[in-house]
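Everything below concerns the one structure shown next.
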Amino acid sequence: MKFLSFAIFGSVASVPTFGFQPALRAVVPPRTQSPTQLFLADQIKDYKKGLSKINGLGNSEVPKTSCVFKFGGSSLANDERIDHVAHLIKDQIEEGFQPRAVVCSAMGKTTNNLLSAGEFALEGRVCVDAIRTLHSNTMDVFNFSKNTKDDVNSLLDECEQMLTGVKMIQELSPKSLDQLVSYGERCSVRIMAARLNQIGVPAQAFDAWDVGVLTDSQFGDAKLLPEHEGAVQKAFERIDKGVVAVVTGFIGHDPNGKITTLGRGGSDLTATALGASLGLDEIQVWKDVDGILSTDPRVVPHAVALDQVSFEEAAELAYFGAQVLHPIAMQPAMKYNVPVRVKNSYNPAAIGTFIKQEKSATDRLVTAITYKKGITVLDIHSTQMLGAYGFLARVFSEFEKHKLSVDVLASSEVSVSLTLDKKQNNNEIKNLIDDLTDCADITRKDNMSILTLIADVNRSSEVLATVFRVFATENIGVEMLSQGASKVNISFILKSDQLEGAILHLHSCFFENQCAVDMEPA
């Protein structure tokens, strides 16, 4: 049995808990409850009211910003980072934020190491030494209690036993793989909660399914079930607002109680799902950059942080390669219009970037520049006298058949040009080309790149005028051009060896007031 302790004017009162605070609605008992049960329920209610007053929660003169914090693996890479993030959370609370939940990824590269351990187990070797060392050393540095160490070590023992089973049966199904990688997040939240408690922030670790994260059974890429919203709300009714719930990102439970994963970047979705379901004031996603940048700082070291972007702009940025948020993670926040703030855990003083329904009030032609490399371009020209609908219908039925997803498209009555990213199956691309040879001539170009401007397309003529002046001056050829249906992106297909030069020159024009060409209309 676990105990949750409350400081009351220097004395300590211990209340037995089982992971949750007693439900508020329990004070309206069913008819079958005894007078003693009724009395205890009222006592618990009065006790919690007293705690709220002691903790200042009843003071309406000090408004708090309710929020969810999310920290990725790089922010939690080792004991130093764990300690830094724990104190960051404490500082944010002192500044007026009230984190109802802190969503944590696995520490550092633990997820990748678990995947590697699974591969080794299939080859007959069971080894979790590196994973165990990272977590054990972290717990030793903080001198955690025996209970915390036993809890984490029990999970690591269970992980090792599972890998032994994989070695014996020589099978690692998607369902088993989801359980395997879950151990990283489950260990991480227990360590973070323990450190928060050590520095005076009441916290409790939760596996995501214990706070209502319910998914379908698509192991490896599960989707949240609609009923997760009610389940999250019901779970958090039983968690005192003065206690920080430290929740595993990335994982959930299907209707059969099996562990599922939300796919890469799924920790962002966990955070936005909790924030949206609870109707909080904002969701804070802490990364290792000062918010959303104008472009990739590896290409333009002096890229600037953006003050605000719309949900639509952020989704397009993510889709076209920017490391912002998981594209699907935007959906819960958009649905309930809960702002998302992207901040830097290495530089908490930076303001960060707000993602809201509205665009920034700043007058700018281009919001950001992003790109994708390793793109394949297919130019498909009809060889038959088909109408547009007949030709395109045939082309896209083949794409559906081969399960190939298109990024960018431009078409005419008898031709279509489109792009496929490097995640697509190369054999399926070859099979698609073979299947279309009876009705079309197809030209394939590999190692191309997409350069995308997230822009105000109501002023697309001004944007394009500047872009093509720059491209003409720098002798940069455009293989294909497409304006997205979202009305916030304009994409250019370029040769990969010209991509970085194009980004540098366009960034100078749109963000640095140092354009090599005249941006004013002639």
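Computed from heavy atoms alone, side chains included, the values below leave out hydrogens, waters and symmetry copies.
- In terms of heavy atoms, Ser75 sits closest to Val85 at O-CG2, 3.3 Å.
- Distance check: Leu365 CG to Thr466 OG1 gives 6.5 Å after rounding to the nearest 0.5 Å.
- Here the CG-CG distance, from Asp407 to Asp421, works out to 5.0 Å after rounding to the nearest 0.5 Å.
- Looking at Leu432 and Phe399, their side chains come closer than 4.5 Å, going by heavy atoms from C-beta outward.
- Closest approach of Val463 and Ala455 over heavy atoms only: CG2-CB, 4.3 Å.
- Here Ile251 contributes atom CD1 and Glu185 contributes atom CD; the two are 6.0 Å apart, rounded to the nearest 0.5 Å.
- Between Thr270 and Thr248 the shortest heavy-atom distance is CG2-O, 3.7 Å.
- Residues Asp307 and Ser360 bring a donor and an acceptor atom of their side chains to less than 3.5 Å of each other.
- Ion pairing between a basic and an acidic side chain is recognised when a charged N comes within 4.0 Å of a carboxylate O; Lys495 and Asp497 show no such pairing.
- Within the 4.5 Å cutoff, the side chain of Lys359 has no heavy atoms near those of the Thr367 side chain.
- A donor-acceptor pair under 3.5 Å is absent between the side-chain atoms of Glu479 and the main chain of Leu494, judged by distance alone.
- A donor-acceptor pair is defined here as one N or O able to donate and one able to accept, closer than 3.5 Å; such a pair exists between the side chain of Thr383 and the backbone of Cys439.
- Here Asp268 pairs with Lys287 in a salt bridge; the nearest charged N to carboxylate O distance falls below 4.0 Å.
- Rounded to the nearest 0.5 angstrom, Met107 CE and Ile131 CD1 are separated by 12.0 Å.
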Practice problem: Could you walk me through whether Lys422 and Ile375 pass side-chain contact (heavy atoms from CB on, under 4.5 Å), step by step? | Solution: CA-CA 6 Å; Lys422 57 187 176 184; Ile375 297 299; over 6 Å; no
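- Listed for the Ser176 side chain is no donor-acceptor partner under 3.5 Å among the backbone atoms of Leu172.
- Using a 4.5 Å heavy-atom cutoff, the side chains of Arg341 and Val285 are not in contact.
- Within the 3.5 Å criterion, the main-chain N or O of Lys401 finds no donor-acceptor partner in the side chain of Lys403.
- Put simply, the side chain of Asn78 does not reach to within 4.5 Å of the side chain of Thr138, judged on heavy atoms.
- At least one side-chain heavy atom of Leu451 sits less than 4.5 Å from a side-chain heavy atom of Leu506.
- Between Glu500 and Lys373, at least one side-chain N (NZ, or NE/NH1/NH2) sits under 4.0 Å from a carboxylate O, which counts as a salt bridge.
- Under the 4.5 Å side-chain criterion, counting only non-hydrogen atoms from C-beta, Val126 is in contact with Glu160.
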Practice problem: Show your reasoning for whether side-chain hydrogen bond (donor to acceptor under 3.5 Å, both in side chains) applies to Thr261 and Asp178. | Solution: CA-CA 6 Å; Thr261 62; Asp178 278 3; 2.9 Å; yes
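- Aromatic ring pairs are classed by plane angle as parallel below 30°, tilted from 30° to 60° and perpendicular above 60°; the pair Phe471 and Phe492 is perpendicular.
- At most 12 heavy atoms of other shown residues, nucleotides or ligands fall within 6.0 angstrom of atom CD in Glu400.
- Gly184 approaches Leu114 most closely through the heavy-atom pair N-CD1, 3.6 Å.
- No more than 12 heavy atoms of other residues, nucleotides or ligands lie within 6.0 Å of CZ in Arg125, so this atom counts as exposed by the packing criterion.
- When only modelled atom types and interatomic distance are considered, Arg81 and Ser345 share a side-chain donor-acceptor pair under 3.5 Å.
- Although no hydrogens or angles enter the test, the distance criterion places a donor-acceptor pair under 3.5 Å between the side chain of Thr437 and the main chain of Asp434.
- With Gln498 contributing its side chain and Asn475 its backbone, the two residues share a donor-acceptor pair below 3.5 Å.
- When only modelled atom types and interatomic distance are considered, Thr452 and Thr370 share no side-chain donor-acceptor pair under 3.5 Å.
- Distance alone, capped at 3.5 Å, places no donor-acceptor pair between the Asp290 side chain and the Asn344 backbone.
- Using the six-membered ring where Trp is involved, Trp286 and Phe71 have ring planes that are parallel, under 30° apart on the 30 and 60° scheme.
- Using a 4.0 Å cut-off between charged nitrogen and carboxylate oxygen, Arg100 and Asp281 do not count as a salt-bridge pair.
- Using a distance-only test at 3.5 Å, with no hydrogens or angles considered, a donor-acceptor pair links the side chain of Gln357 to the main chain of Met334.
- Contact between Glu512 and Val300 at its shortest, heavy atoms only, is OE2-CG1, 4.3 Å.
- Leu134 contributes atom CG, which lies 5.0 Å from atom OG1 of Thr110 (distance to the nearest 0.5 angstrom).
- Annotation: side chain of Tyr336 is not in contact with side chain of Thr272 (no heavy-atom distance under 4.5 Å).
- Distance check, rounded to the nearest 0.5 Å: NE2 of His302 to OG1 of Thr295 gives 10.0 Å.
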Quiz prompt | From CA spacing to verdict: salt bridge (Lys or Arg N to Asp or Glu O under 4.0 Å), Arg394, Asp435 | solution = CA-CA 10 Å; Arg394 171 67 192 281; Asp435 288 348; over 6 Å; no
Practice problem: Test side-chain contact (heavy atoms from CB on, under 4.5 Å) on Phe510 and Val470 and set out the steps. | Solution: CA-CA 11 Å; Phe510 293 118; Val470 169; over 6 Å; no
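- For the 3.5 Å distance criterion, the side chains of Ser217 and Asp254 qualify, holding a donor opposite an acceptor.
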Quiz item: Does the pair Ile493 and Lys445 meet the rule for a side-chain contact (heavy atoms from CB on, under 4.5 Å), with working shown?
Solution: CA-CA 11 Å; Ile493 312 304; Lys445 301 173 186 175; over 6 Å; no
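- Between the side chain of Ser482 and the backbone N or O of Ala410, no donor-acceptor pair lies under 3.5 Å.
- Formation of a donor-acceptor pair under 3.5 Å by the Ser294 side chain with backbone atoms of Val304 is found in this model.
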Quiz item: Can you list the steps and then say if Tyr183 with Leu156 is a side-chain contact (heavy atoms from CB on, under 4.5 Å)?
Solution: CA-CA 7 Å; Tyr183 291 109; Leu156 293 172; 5.7 Å; no
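- Atom CD1 of Ile442 has more than 12 neighbouring heavy atoms from other residues, nucleotides or ligands inside a 6.0 Å radius.
- Among all heavy-atom pairs drawn from Val152 and Cys187, the shortest one is CG1-SG, 3.9 Å.
- When side chains are defined from C-beta on, His507 does not count as touching Val299, because their heavy atoms never get closer than 4.5 Å.
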